[in-house]
2 protein chains.
Amino acid sequence: MQHILAASEKVFAQHGFQGATMTQLAAAAGLPKANLHYYFGTKERLYRTVLEGILTLWLDDATTWLVPERHPADGLAGYVRAKMAHSRLRPDASRIFAGELLHGAPHIMLYLGIELRRTVTDLARVIEGWSARGLMDPINPVHLLFNIWAMTQTYADFDVQIRAVLGKVSIDDVEFATATETVVALVLKGSGVRALEERKSA
Amino acid sequence: MQHILAASEKVFAQHGFQGATMTQLAAAAGLPKANLHYYFGTKERLYRTVLEGILTLWLDDATTWLVPERHPADGLAGYVRAKMAHSRLRPDASRIFAGELLHGAPHIMLYLGIELRRTVTDLARVIEGWSARGLMDPINPVHLLFNIWAMTQTYADFDVQIRAVLGKVSIDDVEFATATETVVALVLKGSGVRALEERKSA
DNA sequence: AACAAACCTGTCCGCTTGGTCAAGAAACTC
DNA sequence: GAGTTTCTTGACCAAGCGGACAGGTTTGTT
């Protein structure tokens, strides 16, 4: 059952919801087609189950790292690194989510408008708090989040492009570390985060 | 003919290559299905034609703005603003490209590995030149480009998410201007671009 | 051992899909 | 205005699709 979901994640990531066929999904799971229908009923329900597994995983990083107690130099860097690690370890999850958004989020509109929106509002307040305390520039916090997501997830969603441009068959650890530090630098310096040593000065 | 391509761009952007049906495409163009087949032969050839139209448009911004003669404060800001404008005015083009990459770029691998790669190499040299002249930090130029693309294109590709989080039906000009300036700030400050007034100091 | 409940799967089915085709309508050519 | 090419289209088709289902197998219970 969990095995089916893992196999389906790969297939859905590569072909999308419409592109994936039940025959492919069944073959990937090593089961006859009718078996998937026994467990999940329809292709859409299988897809939704995969999607929901991803969503529950999705916001944990943020609520761990972006908290008022941390200094933004610590919180933002940690968050970016965590998201980059996710892009490296579970690229298929990111790709399914991306495909869903790309086609208008027909299956997760509610989640976006309610749960994600509420979480983002909370996170924005944390960032605004950091700005108010003079720990970083008064950057627009919501757009900062959009851009952090864009940068970190691009390494999962569009890694074909990255591999093609770099001329590498796969992105090795050194290259990925470079990518991570580039993103960290863009975020920290870009949002004017003061160094950890400095104290409030506002 | 051009009219068919414009209509197809919308449909492909919303449903993807697999998700779009010839019937949908024909309806969008206001023509019978057989007519599209008369002009383009197959669905794939129609898709490729749309895609190629996008690709030719895609790299012009870079080669206009990212040139050695400019100061990076001018070049990078101009490039980001141009890409953001593209995301605003032709989101469908960006979405088709994103979907193509997401599914492993089966139709444009060659373009990525050859033409795009060569262009990126050239652009990287320009950025390295700026760094060497002390006009900005010695940031990894290729990853800087990846991240600029990620940030600017996220406003086209994932605008459902952005609209849902912001709680807006559509992104208005003011909001988009905020987004643009946030990205410009992240890029310029993030890569340590010296202010235009300052002169070389290395 | 008997029975029931849960699980598995080969085979079938209606429907949609991309694509074909023949025949007609328009537009050129001389 | 006859002939020829280009364009347009309704009707059709084989293939592949998601899904249904009946009958078999395994597992659990008493």
Side-chain angles (χ1 to χ4, degrees), chain A residues 1-54 92-93 95-97 99-100 102-109, chain B residues 1-54 92-93 95-109:
Chain A
M1 189 98 168
Q2 199 59 40
H3 164 245
I4 299 175
L5 292 174
S8 299
E9 190 170 295
K10 274 202 194 95
V11 178
F12 278 131
Q14 194 166 14
H15 300 96
F17 172 68
Q18 306 253 17
T21 70
M22 288 305 283
T23 307
Q24 273 180 312
L25 291 161
L31 292 169
K33 215 178 60 165
N35 202 309
L36 301 207
H37 275 105
Y38 176 76
Y39 281 114
F40 297 97
T42 66
K43 181 186 173 185
E44 187 175 338
R45 207 134 61 205
L46 169 57
Y47 177 71
R48 286 182 99 103
T49 310
V50 172
L51 208 51
E52 277 157 25
I54 295 169
D92 287 331
R95 273 178 215 135
I96 291 176
F97 192 76
E100 178 65 15
L102 211 52
H103 300 338
H107 302 96
I108 52 165
M109 256 308 190
Chain B
M1 189 100 167
Q2 200 59 41
H3 163 245
I4 299 176
L5 292 174
S8 298
E9 191 172 293
K10 273 201 195 95
V11 178
F12 279 131
Q14 193 167 15
H15 301 97
F17 172 67
Q18 306 254 16
T21 69
M22 288 304 284
T23 308
Q24 274 180 311
L25 291 161
L31 292 170
K33 215 179 59 166
N35 203 310
L36 300 208
H37 276 105
Y38 175 77
Y39 281 114
F40 297 97
T42 66
K43 179 184 174 186
E44 187 176 339
R45 207 133 62 204
L46 169 57
Y47 176 72
R48 287 180 97 104
T49 310
V50 172
L51 209 51
E52 275 157 27
I54 294 169
D92 288 332
R95 275 177 214 135
I96 291 176
F97 192 76
E100 178 66 15
L101 291 182
L102 210 54
H103 300 338
H107 303 95
I108 52 163
M109 255 309 190

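Per chain, numbering begins at 1; letters A, B, ... match sequence-line order. Owing to the predicted nature of the structure, the values given are computational and were not obtained by experimental measurement.
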*Is any side-chain N or O of B:Lys43 under 3.5 Å from a base N or O of C:dG19, one able to act as donor and the other as acceptor?*
no

*NA contact type, A:Ala20, heavy-atom cut-off 4.0 Å: base, sugar-phosphate, or nothing?*
sugar-phosphate

*Over how many whole Å does the gap from A:Met1 atom CE to C:dA6 atom P extend?*
14 Å

*asked:* For a quick test of reading the model, state the closest non-hydrogen atom pair linking B:Val11 to B:Ala28 and the distance between them.
replied: CG2-CB, 3.5 Å

*D:dG19 P sits how many Å from A:Tyr39 OH, rounded?*
18 Å

*Given atom NZ of A:Lys33 and atom P of D:dC17, what is their separation to the nearest angstrom?*
8 Å

*Check whether any side-chain N or O of B:Tyr38 sits under 4.0 Å from OP1 or OP2 of D:dC7, and answer yes or no.*
yes

*With the side chain of B:Thr42 defined as its heavy atoms from C-beta on, choose the nearest nucleotide among C:dT17, C:dG19, C:dT9.*
C:dG19

*Would B:Thr21 and B:His15 satisfy side-chain contact (heavy atoms from CB on, under 4.5 Å), going step by step from the backbone distance to the final call?*
CA-CA 9 Å; B:Thr21 69; B:His15 301 97; over 6 Å; no

*Starting from C1' on C:dC21, measure out to CG on B:Asn35 and report it in whole angstrom.*
15 Å

*asked:* Please report the distance, rounded to the nearest Å, between CE in B:Met22 and P in D:dT9.
replied: 14 Å

*Hey, could you give me the NZ/CG distance between A:Lys33 and A:Asn35, rounded to the nearest 0.5 Å?*
12.5 Å

_Here's a test for you: under ring-ring contact (aromatic ring centres under 6.0 Å, His included), which of B:Phe97, B:Phe12, B:Phe17 qualifies with B:His107?_
B:Phe17

*Given atom CG of B:Leu31 and atom C1' of D:dT9, what is their separation to the nearest angstrom?*
10 Å

_Without decimals, in angstroms, what is the distance between B:His37 NE2 and D:dT6 P?_
21 Å

*asked:* Given D:dC21, D:dG19, D:dG18, identify the nucleotide with an atom nearest to the side chain of A:Ala34.
replied: D:dC21

*How many Å lie between CG on B:Leu36 and P on C:dT20, as a whole number?*
13 Å

